[in-house]
Amino acid sequence: MGLLDVLLGRSRAVRPDLDRLFALPSAAVSLEAAAGFRPTGQGAVCFATVEGAAFEQTHREVRALLDADAGRTPVELSRDSYGYSWLVSHRSPDELPLLVNDVHAVNSVMEANGFGPQLLCSLAGFRDDEDRRLALVYLYKRGTFYPFAPLPGDREQRDNALELRVRAVLAGELPVEGDLGRWFPVWGAPGL
């Protein structure tokens with residue numbers, strides 16, 4: 001970083017660290033103990049859709065890799081109302097480490113094939129006894145996590161108090177995104 005960058009307030013982009021995803025299982029233990037949220041067994045990777053043969057080949061490679069695991073629900077590909085693609089993995093709720101492996105594999109294969117810039121975020125879903133939903137969202141380009149807690153119903157509103165409480169619980173477990181302005185809502189995200 002040069003002097004001009006410092007004077008103008010520019011910073012270098014954080015290099016994605018996909019290995020941070022492996023901290024999710026231990027963070028889930030803290031999340032359950034402190035807030036009562038347990039994994040749902042669903043997770044997803046969101047990316048900007050790209051047209052072309054190279055991307056289709058990468059997509060087939062990812063699905064073949066994940067679907068090779070016998071006895072599991074096939075991986076789904078869906079598009080949200082904003083035009084982003086989601087690759088959704090389903091596991092048993094007690095298989096969070098395997099779900100994290102799935103999410104890590106999708107991100108790694110896409111990155112290795114040159115589609116890292118298209119990766120937006122990954123998430124793992126959680127619920128509590130009151131059937132409240134929560135996602136721990138990993139921002140690929142920032143290498144950080146944040147909680148997303150939609151309120152029940154069709155209206156797009158968040159439970160901000162719960163999100164802040166979860167942030168406090170996970171502060172020592174995960175690299176939590178410090179800029180609340182980057183806690184983007186993921187309305188209608190599959191896997192949540």
Side-chain angles (χ1 to χ4, degrees), residues 1-37 39-40 42-50 80-88 96 99-100 103-104 106-108 110-111 115-128 132-152 155-192:
M1 182 182 298
L3 179 61
L4 186 59
D5 291 329
V6 172
L7 293 173
L8 294 175
R10 297 181 197 148
S11 62
R12 288 191 178 158
V14 176
R15 183 162 171 83
D17 183 0
L18 293 175
D19 288 345
R20 290 180 172 178
L21 289 166
F22 293 120
L24 271 173
S26 65
V29 172
S30 297
L31 185 61
E32 183 174 0
F37 280 88
T40 62
Q42 295 187 31
V45 176
C46 180
F47 50 92
T49 306
V50 177
D80 64 21
S81 60
Y82 301 102
Y84 293 108
S85 295
W86 292 84
L87 203 58
V88 185
L96 183 59
L99 180 69
V100 169
V103 169
H104 187 276
V106 171
N107 281 284
S108 296
M110 290 187 67
E111 187 178 70
F115 295 105
Q118 281 69 39
L119 290 167
L120 301 174
C121 68
S122 300
L123 64 83
F126 295 82
R127 287 192 189 259
D128 69 359
R132 293 183 298 176
R133 297 176 296 151
L134 174 75
L136 293 181
V137 182
Y138 175 76
L139 293 171
Y140 175 79
K141 292 174 177 71
R142 305 274 298 174
T144 56
F145 292 85
Y146 68 90
F148 172 68
L151 287 170
R155 57 189 198 276
E156 293 182 345
Q157 293 181 337
R158 298 165 75 163
D159 188 340
N160 298 109
L162 175 59
E163 290 176 355
L164 293 174
R165 196 170 103 217
V166 169
R167 174 182 69 172
V169 167
L170 298 178
E173 300 281 337
L174 297 172
V176 177
E177 176 59 49
D179 181 357
L180 297 181
R182 294 190 183 270
W183 289 22
F184 305 110
V186 285
W187 304 120
L192 177 57

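We number each residue from 1, following the sequence as shown. Source: prediction; values computed, not measured.
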Heavy-atom side-chain proximity of [X] to [Y] below 4.5 angstrom:
X	Y	value
Y140	V45	no
F47	N107	no
P39	L99	no
R20	P175	yes
Y138	L119	no
F126	V166	no
L136	P147	yes

Those residues that, when tested against F148, pass ring pair (Phe, Tyr, Trp, His ring centres under 6.0 Å) (two or more places apart): W187

Closest contact, heavy atoms only, [X] versus [Y]:
X	Y	answer
L21	H104	CD1-CA, 4.0 Å
L24	A124	CD1-CB, 4.3 Å
A27	L170	O-CD2, 3.7 Å
Y82	D80	N-OD1, 2.9 Å
F37	R133	CE2-C, 4.3 Å
P25	L96	CA-CD2, 3.7 Å

Residues which pass salt bridge (charged side-chain N to carboxylate O under 4.0 Å, His left out) with R182, listed by chain and number, not counting sequence neighbours: D179

Between [X] (side chain) and [Y] (backbone), is there a donor-acceptor pair under 3.5 Å?
X	Y	value
K141	C121	no
Y146	E163	no
T40	G125	yes

